[in-house]
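Written out below as structure tokens is the structure these notes cover.
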Amino acid sequence: VVSTQSTWGKNRKANFSAPSSVRRRLLSAPCSKEICEKYGVKNLSMPIRKDDEVQIVRGKHRDEPVGKVISVYRKRMCVHVERIVKEKANGAQVPIPIHPSNVIITKLKLDPDRKDLINRKKTRGGAGAVNPVDID
């Protein structure tokens, strides 16, 4: 994770020159309340990935229905969501980039690594700690 500095310029430089492995964590989005309740975690945010379903909550497209993430563009720090496109002058359709901080995850694409991550998040944190449960 990018180290925190007291200088805004150093923070920006660390953020924008971060390697791809760090950008994965920077491109995280909060999960919906239903997902948090389902997995028994109070505030769950996850690095966003390709087949997650997301709801856009900020910006021009916030009224659009839930869409599937079609690509995570780490270099440009954005995600492309299904059906969120604009039409160019020649008629071609181009996906509109959306920053992950402007979406909430409504459905997770689970794989073994993500299940492990949720279990780790579940067991951390002192008094509210819960025993790890097998996630289906």
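These numbers come from a predicted model, not from an experiment.
- Val54 and Val57 fall into different hydrophobic clusters, where Ile, Leu, Val, Met, Phe, Trp and Tyr are joined by side-chain heavy atoms under 4.5 Å apart, directly or via other members.
- A donor-acceptor contact shorter than 3.5 Å links the side chain of Thr106 to the backbone of Glu53.
- Looking at residues two or more places apart in sequence or on another chain, you find a side-chain contact (heavy atoms from CB on, under 4.5 Å) between Ile70 and His80, Glu82.
- In this structure the side chain of Leu117 reaches within 4.5 angstrom of the side chain of Pro47, judged on heavy atoms.
- Using a 4.5 Å heavy-atom cutoff, the side chains of Ile118 and Leu110 are in contact.
- Two residues are said to be in side-chain contact when any heavy atoms from C-beta on lie closer than 4.5 Å; Ile56 and Ile84 meet this criterion.
- The two atoms that bring Val85 and Pro95 nearest to each other are CG1-CA, 3.9 Å, heavy atoms only.
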**Asked** Under the side chain to side chain contact (heavy atoms under 4.5 Å, CB included) criterion, do Val81 and Lys68 qualify, and how do the steps go?
**Response** CA-CA 6 Å; Val81 181; Lys68 191 178 272 192; over 6 Å; no
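- Arg58 meets the side-chain contact (heavy atoms from CB on, under 4.5 Å) test with Asn102; sequence neighbours excluded.
- Between Asp116 and Arg120 there is a salt bridge, since a side-chain N of the basic residue sits under 4.0 Å from a carboxylate O of the acidic one.
- At least one donor-acceptor pair under 3.5 Å links the side chain of Arg23 to the backbone N or O of Arg74.
- Of the possible donor and acceptor atoms, one in the side chain of Arg83 sits under 3.5 Å from a partner among the backbone N and O of Val66.
- Under a 3.5 Å cut-off, the side chain of Gln55 and the backbone N or O of Glu64 do form a donor-acceptor pair.
- Atoms CZ and CE, on Arg25 and Met46 in that order, are 10.5 Å from each other to the nearest 0.5 Å.
- Here the straight-line distance linking atom NZ of Lys107 with atom NZ of Lys38 works out to 8.5 Å at 0.5 Å rounding.
- There is a path of hydrophobic side-chain contacts, each under 4.5 Å, that joins Leu26 to Val103.
- Formation of a donor-acceptor pair under 3.5 Å by the Arg76 side chain with backbone atoms of Tyr73 is not found in this model.
- Under the salt bridge (charged side-chain N to carboxylate O under 4.0 Å, His left out) criterion, Lys109 pairs with Asp51, not counting sequence neighbours.
- Here the shortest heavy-atom pairing between Ile35 and Ile105 reads CD1-O, 3.5 Å.
- Contact between Pro100 and Ala29 at its shortest, heavy atoms only, is O-CB, 3.5 Å.
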**Request:** Just do the salt bridge (charged side-chain N to carboxylate O under 4.0 Å, His left out) check on Asp113 and Arg49 with the steps written out, would you?
**Result:** CA-CA 12 Å; Asp113 291 329; Arg49 68 162 284 180; over 6 Å; no
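- The two atoms that bring Leu27 and His99 nearest to each other are CD2-NE2, 4.5 Å, heavy atoms only.
- Rounding to the nearest 0.5 Å places CG of Asn119 at 12.0 Å from CZ of Arg124.
- Interatomic distance, NZ of Lys121 versus SG of Cys36, reported as 9.5 Å (0.5 Å rounding).
- Taking hydrophobic clusters as Ile, Leu, Val, Met, Phe, Trp and Tyr residues chained together by side-chain heavy-atom distances below 4.5 Å, Ile104 does not share a cluster with Met77.
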